[in-house]
Asker: 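I'd like to ask some things about the structure below.
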Amino acid sequence: MTDRVYIEDVFQHKIPDGSDVILRGWLYNKRSSGKLLFLLVRDGTAVIQATVYKPGVSAEIFETADKLTQEASLTVIGKIKKDERAPGGYELQVTDVKLIGQSVDFPITPKEHGPEFLMDYRHLWLRSKNQHAILRVRHTIIKAIRDFFDGRGFTLVDTPIFTPAACEGTSTLFETDYFDTKAFLTQSGQLYAEAGALALGKVYCFGPTFRAEKSKTRRHLTEFWMVEPEVAFNELKENMELAEDFIEYIVQTVLRTRVEELKTLGRDTTKLQNVRAPFPKIHYDEAVKILEDAGLKFEYGNDFGSPDETAISEKFDRPVIVHHYPSAIKAFYMKRDPNEPDKALAMDVLAPEGYGEIIGGSQREDNYDMLVSRIKEHNLPMEAFDWYLDLRKYGSVPHSGFGLGVERTVAWICGLQHVRETIPFARMIHRLKP
RNA sequence: UGCUCAGUAGCUCAAUGGCAGAGCAUUCGGCUGUUAACCGAAGGGUUGUAGGUUCGAGCCCUACCUGAGCAGCCA
């Protein structure tokens with residue numbers, strides 16, 4: 001009896017040495033030594049070396065194996081053997097090979113390629129080892145996000161992608177035609193999550209968000225995934241504590257379960273080991289002092305630029321939380337500190353190693369009249385926010401939340417230079433295909 | 001949108017203003033232990049586009065196109 005097995009199970013010693021097995025997959029690479037062929041076969045779980053010895057198989061089978069090309073799909077039948085010479089310590093001694101689908105001139109060779117070429121062939125690039133590792137880490141991060149909130153009694157509240165108006169009024173939105181009226185693709189589910197929090201207490205939304213800014217940097221996508229928890233009765237302090245516990249949980253889960261993938265990516269994990277709560281929490285004024293001490297040109301009252309964030313995060317061995325930003329540079333819905341009326345009860349989490357802002361959050365304005373004047377100050381259309389204002393009319397409470405960018409988090413944990421590799425099919429200003 | 005850089009074989013890159021090149025990939029040949037295998041041979045080019053300078057332009061000049069990095073915006 002010959003069973004179909006996954007390669008991963010072979011390396012995890014789940015298949016007894018000497019077993020006859022069937023593997024189904026694709027040809028990753030091939031080497032030949034005359035009468036001996038080395039087929040590197042991948043099936044999505046791992047890559048195994050399969051050997052075809054000419055005198056050991058029929059001429060027809062040997063020729064089939066000899067003519068296989070990169071990424072041809074195939075079925076191989078053979079015997080699993082322990083062998084020190086094989087990568088991973090196991091190989092398959094082939095008795096039969098069947099070609100399923102041929103692959104002529106596969107564009108991505110095992111040599112170097114530039115990012116533009118690889119992004120053009122993103123649908124095929126996903127078949128390579130590093131991309132497997134990244135996507136598996138992404139999967140684990142997303143699962144950790146959900147496990148964290150689910151384990152704390154949060155309810156997932158899905159928020160709409162079509163929205164009637166800007167959430168924050170600052171960013172540029174993608175506009176679409178919606179039955180002869182305008183609709184915009186959401187840039188945040190937060191306002192709806194607030195409604196959810198006042199209904200269910202602890203909620204989070206998790207979905208794609210869209211920003212039409214013409215950003216061309218390694219940190220920006222036009223379509224990215226964001227998770228946004230929102231908690232009734234939480235104030236700034238509890239919000240920051242939730243954020244640090246959350247990030248600790250994500251990072252430690254990846255470190256525990258994705259050791260191999262991080263090794264494949266060449267990620268030095270020593271700095272990730274430090275990611276334990278509590279994180280350092282500094283007031284905006286302290287952050288400004290760090291910049292002044294570092295000799296950077298910075299005007300008090302401004303938001304931090306990318307080089308500023310890097311300079312601040314370099315002072316710490318784990319993510320740092322900056323709070324009490326000037327309210328003038330923050331969104332209309334952020335509550336001001338009664339003791340410091342020019343500052344918002346806002347907080348950003350800056351990742352180490354120059355990865356920048358991965359979380360932005362705040363305590364929300366919960367007073368009806370204050371919120372009305374904020375909307376006026378920001379020149380936002382009052383009628384678009386009538387339902388949002390209702391939340392302050394009927395049993396308003398202090399509440400807080402934040403948003404975490406999934407792709408920036410993946411880039412940081414994987415140690416990648418660019419967020420374009422952290423999502424299967426990136427959408428950027430110059431990239432709508434594939 | 002601004003600044004900087006780049007565009008040459010399928011890919012990654014060379015080529016002082018003077019014959020268009022290499023490695024990999026592909027095809028053919030060789031090899032029973034390869035590890036991005038190796039050895040030998042062959043095919044493969046409107047040098048991003050348009051114009052200009054020059055006896056002569058891949059190289060210099062102008063415009064445009066495409067992309068990358070940085071900045072702003074933000075997660």
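Nothing here was measured: the structure is a model prediction, and the numbers come from that model. Side-chain atoms are counted along with the backbone in the values below, which use heavy atoms only and exclude waters and symmetry mates.
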Asker: OP1 or OP2 of B:rA71 less than 4.0 angstrom from a side-chain nitrogen or oxygen of A:Arg219, does that happen here?
Answerer: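 Yes, because at least one side-chain N or O of A:Arg219 sits under 4.0 Å from OP1 or OP2 of B:rA71.
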Asker: Does any pair with a residue in residues 412-427 of chain A pass side-chain hydrogen bond (donor to acceptor under 3.5 Å, both in side chains), and if so which ones, sequence neighbours excluded?
Answerer: A:Gln131-A:Glu421, A:Arg218-A:Gln417
Asker: Could you note down all residue pairs passing salt bridge (Lys or Arg N to Asp or Glu O under 4.0 Å) where residues 400-409 of chain A supplies at least one of them, sequence neighbours left out?
Answerer: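 Those involving residues 400-409 of chain A are A:Arg138-A:Glu407.
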Asker: Listed in order of residue number, which residues of residues 297-307 of chain A have a non-hydrogen atom at under 4.0 Å from RNA chain B?
Answerer: A:Gly305, A:Ser306, A:Pro307
Asker: Parallel, tilted or perpendicular, judged at 30° and 60°: which one describes the rings of A:Phe149 and A:Phe154?
Answerer: tilted
Asker: Does A:Thr51 or A:Lys214 map to a spot on RNA chain B nearer the 5' end, using the closest nucleotide for each?
Answerer: A:Lys214
Asker: Check for a donor-acceptor pair, side chain of A:Arg211 on one end and backbone N or O of A:Gln187 on the other, with a separation under 3.5 Å.
Answerer: yes
Asker: Applying a 4.0 Å non-hydrogen cut-off, can you work out what A:Gly356 is touching in the nucleic acid: base, sugar-phosphate, or nothing?
Answerer: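 No contact.
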Asker: Would you mind reading off the distance between A:Arg218 atom CZ and B:rC70 atom P, rounded to a whole angstrom?
Answerer: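 Answer to the nearest Å: 4 Å.
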Asker: Quick one, which residues of residues 24-46 of chain A touch RNA chain B with a heavy atom under 4.0 Å?
Answerer: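 Per residue number, the list reads A:Asn29, A:Arg31, A:Ser32, A:Ser33, A:Gly34, A:Lys35, A:Leu36, A:Phe38.
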Asker: If only side-chain N and O atoms of A:His113 are considered, is one of them under 4.0 Å from the OP1 or OP2 phosphate oxygen of B:rU12?
Answerer: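 So the side chain of A:His113 is outside the cut-off, no N or O lying under 4.0 Å from OP1 or OP2 of B:rU12.
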Asker: Quick one: do A:Tyr204 and A:Phe246 satisfy ring-ring contact (aromatic ring centres under 6.0 Å, His included)? Show the steps, please.
Answerer: CA-CA 13 Å; A:Tyr204 67 105; A:Phe246 179 50; 8.9 Å; no
Asker: Using a 4.0 Å cut-off on heavy atoms, which residues in residues 77-95 of chain A reach RNA chain B? List them by number, or say none.
Answerer: A:Asp83, A:Arg85, A:Ala86, A:Pro87, A:Glu91
Asker: By the definition side chain to side chain donor-acceptor pair (under 3.5 Å), identify the one residue from A:Thr140, A:Thr253, A:Thr264 that meets it with A:Arg258.
Answerer: A:Thr140
Asker: Using only modelled atom types and a 3.5 angstrom limit, is any donor from either the side chain of A:Thr217 or the base of B:rC70 paired with an acceptor on the other?
Answerer: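 By the distance-only test, no, there is no pair.
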Asker: Let me know the distance between CD of A:Gln70 and P of B:rU26, rounded to the nearest Å.
Answerer: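 A:Gln70 atom CD is separated from B:rU26 atom P by 7 Å.
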Asker: Per the atom types in the model, does the base of B:rU34 pair as donor or acceptor with the side chain of A:Gln49 at under 3.5 Å?
Answerer: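 Indeed there is one.
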Asker: Between the side chains of A:Asn130 and A:Ser128, is a donor N or O closer than 3.5 angstrom to an acceptor N or O?
Answerer: no
Asker: Whether A:His220 contacts B:rG72 is assessed here as follows: a side-chain N or O lying under 4.0 Å from the phosphate OP1 or OP2. Is that the case?
Answerer: no
Asker: Begin from the C-alpha positions of A:Glu230 and A:Arg364 and carry the test salt bridge (Lys or Arg N to Asp or Glu O under 4.0 Å) through to its verdict.
Answerer: CA-CA 10 Å; A:Glu230 192 71 32; A:Arg364 321 305 188 188; 2.8 Å; yes
Asker: Once you apply a heavy-atom cut-off of 4.0 Å, does A:Arg420 come out as touching a base, just sugar-phosphate, or nothing?
Answerer: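 Answer is sugar-phosphate: A:Arg420 comes under 4.0 Å of backbone atoms only.
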Asker: Find the runs of at least 3 consecutive base pairs, i with j, i+1 with j-1 and so on, that include RNA chain B, using Watson-Crick or G-U wobble geometry with both distances under 3.5 Å.
Answerer: B:1-7 with B:65-71, B:10-13 with B:21-24, B:26-30 with B:38-42, B:48-52 with B:60-64
